[in-house]
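Atom set for the values below is all heavy atoms of this structure, side chains included, hydrogens, waters and symmetry mates excluded.
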Amino acid sequence: MIEDHIDAITRARALSRSGDLFGYWSIVRPLMFGGPADRSRWDEERETAARFEAKQPPWGFGVASSAIVGVPTLVITGGWNAEYETIAGVLIEEGATHVQLRGNHHRPQDHPGFADTVNQFLTSV
């Protein structure tokens with residue numbers, strides 16, 4: 001499942017590198033933000049697509065999940081994306097604490113309970 005996500009993002013980045021930012025967004029928007037890319041919203045979403053495309057994907061750095069063993073680690077997901085939940089599962093196996101804050105999709109940090117969740121975790125370590 002994680003490999004499928006990496007493959008999709010790799011295909012999307014190849015499109016953007018060839019000058020097709022909307023093609024990139026057509027793959028990335030459903031994966032990362034929910035819902036399809038829509039030409040009628042392209043003017044308002046183009047800047048978000050460009051900013052997101054400019055970010056380096058978080059893989060390929062040679063960091064193993066075992067790097068967190070013995071390090072208090074909190075993983076917060078939104079419970080909406082199977083790939084993120086799979087990654088959280090791998091980190092749980094290494095000792096991480098996982099909390100789902102549903103309702104904000106790719107941005108659980110915008111959830112009203114985010115700060116309390118982080119504070120509770122920090123006081124427990």
Side-chain angles (χ1 to χ4, degrees):
M1 180 167 265
I2 293 170
E3 291 81 8
D4 293 341
H5 180 78
I6 291 171
D7 180 58
I9 297 298
T10 300
R11 284 185 289 110
R13 290 176 66 80
L15 288 170
S16 68
R17 297 296 190 258
S18 72
D20 184 3
L21 186 60
F22 186 79
Y24 165 87
W25 193 236
S26 295
I27 294 171
V28 169
R29 190 183 198 294
L31 285 174
M32 306 302 287
F33 298 93
D38 183 339
R39 286 269 183 205
S40 68
R41 292 191 314 252
W42 183 230
D43 286 343
E44 66 190 67
E45 293 185 352
R46 180 187 309 265
E47 183 179 333
T48 300
R51 267 196 327 266
F52 200 79
E53 192 280 334
K55 297 181 184 305
Q56 178 66 32
W59 51 80
F61 295 100
V63 178
S65 62
S66 61
I68 70 164
V69 172
V71 178
T73 304
L74 175 63
V75 178
I76 300 177
T77 61
W80 72 281
N81 182 295
E83 285 99 2
Y84 295 159
E85 300 309 316
T86 299
I87 293 166
V90 170
L91 296 174
I92 289 166
E93 290 175 8
E94 301 291 359
T97 300
H98 176 220
V99 176
Q100 281 187 357
L101 296 177
R102 295 180 176 271
N104 293 82
H105 297 283
H106 190 66
R107 296 186 50 87
Q109 68 269 27
D110 293 339
H111 188 281
F114 181 81
D116 287 342
T117 300
V118 172
N119 288 331
Q120 288 173 6
F121 176 77
L122 291 174
T123 59
S124 73
V125 294

Measure across [X] and [Y] and return the closest heavy-atom pair with its distance rounded to 0.1 Å.
| X | Y | result |
| --- | --- | --- |
| Val28 | Ala12 | CG2-CB, 3.7 Å |
| Ala37 | Ser26 | CB-CA, 3.6 Å |
| Glu94 | Ser65 | OE2-OG, 3.1 Å |
| Asn104 | His111 | OD1-CA, 3.4 Å |
| Pro36 | Arg29 | O-CD, 3.5 Å |

Q) Is it the case that one hydrophobic cluster holds both Phe33 and Ile6, taking links as side-chain heavy atoms less than 4.5 Å apart, direct or via other members? A)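 As far as the 4.5 Å side-chain criterion goes, Ile6 and Phe33 are connected within one cluster.
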Q. Linking I/L/V/M/F/W/Y whenever their side-chain heavy atoms sit closer than 4.5 Å, directly or via other members, would Tyr24 and Trp59 fall into one cluster?
A.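 Both belong to a single hydrophobic cluster.
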Interatomic spacing from [atom1] in [X] to [atom2] in [Y] - rounded to 0.5 Å:
| X | Y | atom1 | atom2 | result |
| --- | --- | --- | --- | --- |
| Thr86 | Glu3 | OG1 | CD | 10.0 Å |
| Glu85 | Ile92 | CD | CD1 | 8.5 Å |
| Glu83 | Ile9 | CD | CD1 | 9.0 Å |

Q) Looking at residues at least two apart in the chain, or sitting in another chain, which of them share a side chain to side chain contact (heavy atoms under 4.5 Å, CB included) with Ala96? A)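 Here the qualifying residues are Ile68, Thr73, Val75, Leu91.
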Q.
Does the plane of the ring in His106 sit parallel, tilted or perpendicular to the ring in Trp80? Use 30° and 60° as the thresholds.
A.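 Rings of His106 and Trp80: perpendicular, over 60°.
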Q.
My understanding is that only residues two or more places apart in sequence, or in another chain, count here; which of them pass salt bridge (charged side-chain N to carboxylate O under 4.0 Å, His left out) with Arg41?
A.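 By the salt bridge (charged side-chain N to carboxylate O under 4.0 Å, His left out) rule, Arg41 matches Asp38, Glu45.
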Q.
Through direct or indirect side-chain contacts below 4.5 angstrom among Ile, Leu, Val, Met, Phe, Trp and Tyr, which residues connect to Val125?
A.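 Joined to Val125, directly or through intermediates: Leu74, Ile76, Val99, Leu101, Phe114, Val118, Phe121, Leu122.
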Q.
Less than 3.5 Å apart, any donor N or O on the side chain of His5 or Tyr84 sitting next to an acceptor on the other?
A.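 Absent: no donor and acceptor within the cut-off.
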Q: Evaluate the criterion side-chain contact (heavy atoms from CB on, under 4.5 Å) for residue pair Arg51 and Glu47; output intermediate values, then yes/no.
A: CA-CA 6 Å; Arg51 267 196 327 266; Glu47 183 179 333; 3.0 Å; yes
**Q.** Donor-acceptor contact below 3.5 Å, side chain Arg102 vs main chain Gly79
**A.**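 Flag set: sc Arg102 to bb Gly79 pair under 3.5 Å.
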